[in-house]
Amino acid sequence: MLGPVILAASRSDKMRRLVSAAPGTKQVVARFIAGETVDDVVPIVSELSGRGLEVTLDVVGEDITTVEQSYAARDAYLELIGRLKELGLGARAEMSVKLSMFGQSLENGHELALANVRPVVEAAAEIGTTVTLDAEDHTTLDSMFAIHEELRKDFPQTGCVIQAYLFRTEDDARRLAANGSRVRIVKGAYKEPAEVAIQDKPEIDKAYVRIMKILMDGEGYPMIGSHDPRLISIGQELARRAGRKLDEYEFQMLYGIRSEEQTRLAAEGHRMRVYTAYGTDWYGYFMRRLAEKPANLLFFVRSILTKG
């Protein structure tokens, strides 16, 4: 089981230095990370939009240790929103944020994260778009859901993410579906103990289907975050059975993965959103992408050997 090993490595400073220095790293990182700056990512938003795709933008770098870094994260998103406004791209691009990047794990972190994320949500609303709060490890979720609920009082379009492998998620999905939330469902990409998370992949897939059904049958807006053709097909069938129109749910995939399938779904009339990450502190995000799929790791190793 390579996944748990890679996830453990994602928290290692020694592995961070080793991976960053590897000759093939830059080539592989470019597959998953759209660039390091706003100037890098804006042309990609324009290109994806031109292909009929929508975008959610993530400024990577959740491993912060100071309040000043949390302010810098807030300001990075505000800069991004300002550029989207200048170019008239607000309607095609939303934001995804990790509250840890906004200070959630620091002293008085819940209040700090809420204070930092609120102006980002406000600025997004002003340009006709919104923000989705990403799910992180299970210890952070009660705070994330509380912040989500607070933000929705003024900005009901604010979204959140749930993870199929957690035992709690079916209950969370019922609550969120009943109150009309925008909800992205993913399988889950953090190393979680057996007491809180399903460990068997086929059982995770079954849970994912159960949760999709809850969301499709509910009052909210489901966002199906998956590259799995079988789960995408099941999602389409569940939407049909629930009587949902094509604009009443969407699919989401990562930048650089199954690009042809993304274009195909959009051409069929589905809302297809590309999760597009950028920034200099890419290591944690990159390692989770390797952990999710062995083929990604093989691609990385092959690139290193080729460049070495």
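In this text, all values refer to a predicted model and were calculated from it rather than measured experimentally. The first residue in the sequence is number 1, and the count goes up from there.
- Comment: Glu260 does not engage Arg264 in a salt bridge, judged by the lack of any side-chain N to carboxylate O separation of less than 4.0 angstrom.
- Under the ring pair (Phe, Tyr, Trp, His ring centres under 6.0 Å) criterion, Tyr208 pairs with no residue at all, not counting sequence neighbours.
- The two residues Asp134 and Tyr275 make their nearest non-hydrogen contact at OD2-OH, 2.6 Å.
- Residues His138 and Gln163 have side chains that never bring a donor and an acceptor to within less than 3.5 angstrom of each other.
- Glu192 places a side-chain heavy atom less than 4.5 Å from the side chain of Asp137.
- In the hydrophobic clustering of this structure, Met212 does not group with Val186; members are Ile, Leu, Val, Met, Phe, Trp, Tyr whose side-chain heavy atoms approach within less than 4.5 Å, directly or through other members.
- Residues Ser181 and Glu219 fail the side-chain proximity criterion, which asks for heavy atoms closer than 4.5 Å.
- Here CE of Met144 is found 12.0 Å from CD of Glu149. Values are rounded to the nearest 0.5 Å.
- The shortest non-hydrogen separation linking Glu94 to Thr130 is CB-O, 3.3 Å.
- Taking a cutoff of 4.0 Å between a charged side-chain nitrogen and a carboxylate oxygen, Arg174 and Glu170 qualify as a salt bridge.
- Residues Ser49 and Glu54 bring no donor and acceptor atom of their side chains to less than 3.5 Å of each other.
- Ile234 has its side chain out of reach of Lys213: every pair of non-hydrogen atoms, C-beta onward, lies at least 4.5 Å apart.
- Considering every non-hydrogen atom in both Leu53 and Ala266, the closest pair reads CD2-CB, 3.8 Å.
- When only modelled atom types and interatomic distance are considered, Tyr165 and Asp205 share no side-chain donor-acceptor pair under 3.5 Å.
- Looking at heavy atoms from C-beta onward, Glu250 lies out of side-chain contact with His270 at the 4.5 angstrom threshold.
- Remark: side-chain polar atoms of Thr37 are paired, donor with acceptor, to backbone N or O of Asp40 under 3.5 angstrom.
- With a 4.5 Å cut-off on side-chain heavy atoms, Leu231 and Ile224 do not count as touching.
- Across all non-hydrogen atoms, the minimal contact from Ser143 to His110 is OG-ND1, 2.7 Å.
- Annotation: side chain of Ile162 is in contact with side chain of Ile211 (closest heavy-atom distance under 4.5 Å).
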Could you go through Ile33 and Thr276, starting from their C-alpha distance and side-chain angles, then the distance that decides it, and tell me whether this counts as side chain to side chain contact (heavy atoms under 4.5 Å, CB included)? CA-CA 7 Å; Ile33 303 292; Thr276 306; over 6 Å; no
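- Between the Glu111 side chain and the Gln104 main chain, no donor and acceptor come within less than 3.5 Å of each other.
- Residues Asp228 and Lys187 are paired through a salt bridge, judged by an N-O separation under 4.0 Å between the basic side chain and the carboxylate.
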Dump the intermediate steps for ring-ring contact (aromatic ring centres under 6.0 Å, His included) on Tyr278 and Tyr255, then the final yes or no. CA-CA 10 Å; Tyr278 76 98; Tyr255 174 78; over 10 Å; no
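- Ion pairing between Asp171 and Arg175 fails under the 4.0 Å rule for side-chain N and carboxylate O.
- Rounded to the nearest 0.5 angstrom, Arg210 CZ and Ile185 CD1 are separated by 10.0 Å.
- Taking 4.5 Å as the limit, some side-chain heavy atom of Val97 sits within range of a side-chain heavy atom of Tyr77.
- Using a cut-off of 4.0 Å between Lys/Arg side-chain N and Asp/Glu carboxylate O, Glu136 and Lys98 are scored as not salt-bridged.
- Taking the charged nitrogens against the carboxylate oxygens, Glu248 and Lys245 have no contact shorter than 4.0 Å, which rules out a salt bridge.
- Residues Ile44 and Val38 are members of one and the same hydrophobic cluster, defined by side-chain heavy-atom contacts under 4.5 angstrom among Ile, Leu, Val, Met, Phe, Trp and Tyr.
- More than 12 heavy atoms of other residues, nucleotides or ligands sit less than 6.0 Å from atom CD of Glu268.
- Asp154 has a carboxylate O that lies under 4.0 Å from a charged side-chain N of Arg118, or vice versa, which qualifies the two as a salt bridge.
- Hydrophobic clustering places Leu48 together with Val42 (ILVMFWY residues linked when any side-chain heavy atoms are closer than 4.5 Å, directly or through intermediates).
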Is there a side chain to side chain contact (heavy atoms under 4.5 Å, CB included) between Leu99 and Thr140 once you walk through the steps? CA-CA 9 Å; Leu99 293 175; Thr140 68; over 6 Å; no
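- Note on Ile204 and Ile214: separate hydrophobic clusters, where clusters join Ile, Leu, Val, Met, Phe, Trp and Tyr whose side-chain heavy atoms are under 4.5 Å apart, directly or indirectly.
- Between the side chains of Arg184 and Ser96, a donor-acceptor pair is found at a separation under 3.5 Å.
- Between Thr158 and Arg182, the closest side-chain pair of non-hydrogen atoms is not below 4.5 Å.
- When only modelled atom types and interatomic distance are considered, Thr65 and Gln69 share a side-chain donor-acceptor pair under 3.5 Å.
- We find the CE-CD distance between Met216 and Glu237 to be 10.5 Å, quoted to the nearest 0.5 Å.
- With hydrogens and angles left out, the side-chain atoms of Arg51 and Thr263 include a donor and acceptor closer than 3.5 Å.
- When only modelled atom types and interatomic distance are considered, Tyr71 and Asn116 share no side-chain donor-acceptor pair under 3.5 Å.
- In this structure, Gln157 places its CD atom where more than 12 heavy-atom neighbours from other residues, nucleotides or ligands lie under 6.0 Å away.
- The cluster map of Ile, Leu, Val, Met, Phe, Trp and Tyr, joined by side-chain heavy atoms under 4.5 Å apart, puts Val274 and Leu89 in the same cluster.
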Might you work through the side chain to side chain contact (heavy atoms under 4.5 Å, CB included) test for Leu151 and Leu133, ending with a clear yes or no? CA-CA 10 Å; Leu151 291 171; Leu133 308 182; 4.3 Å; yes
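- Atom CG of Leu215 is separated from atom OH of Tyr249 by 13.5 Å, given to the nearest 0.5 angstrom.
- Pairing each heavy atom of His227 with each of Ile232, the nearest pair is C-CD1, 4.1 Å.
- Going from atom CG of Asp142 over to atom CD1 of Ile147 covers 11.5 Å, rounded to the nearest 0.5 Å.
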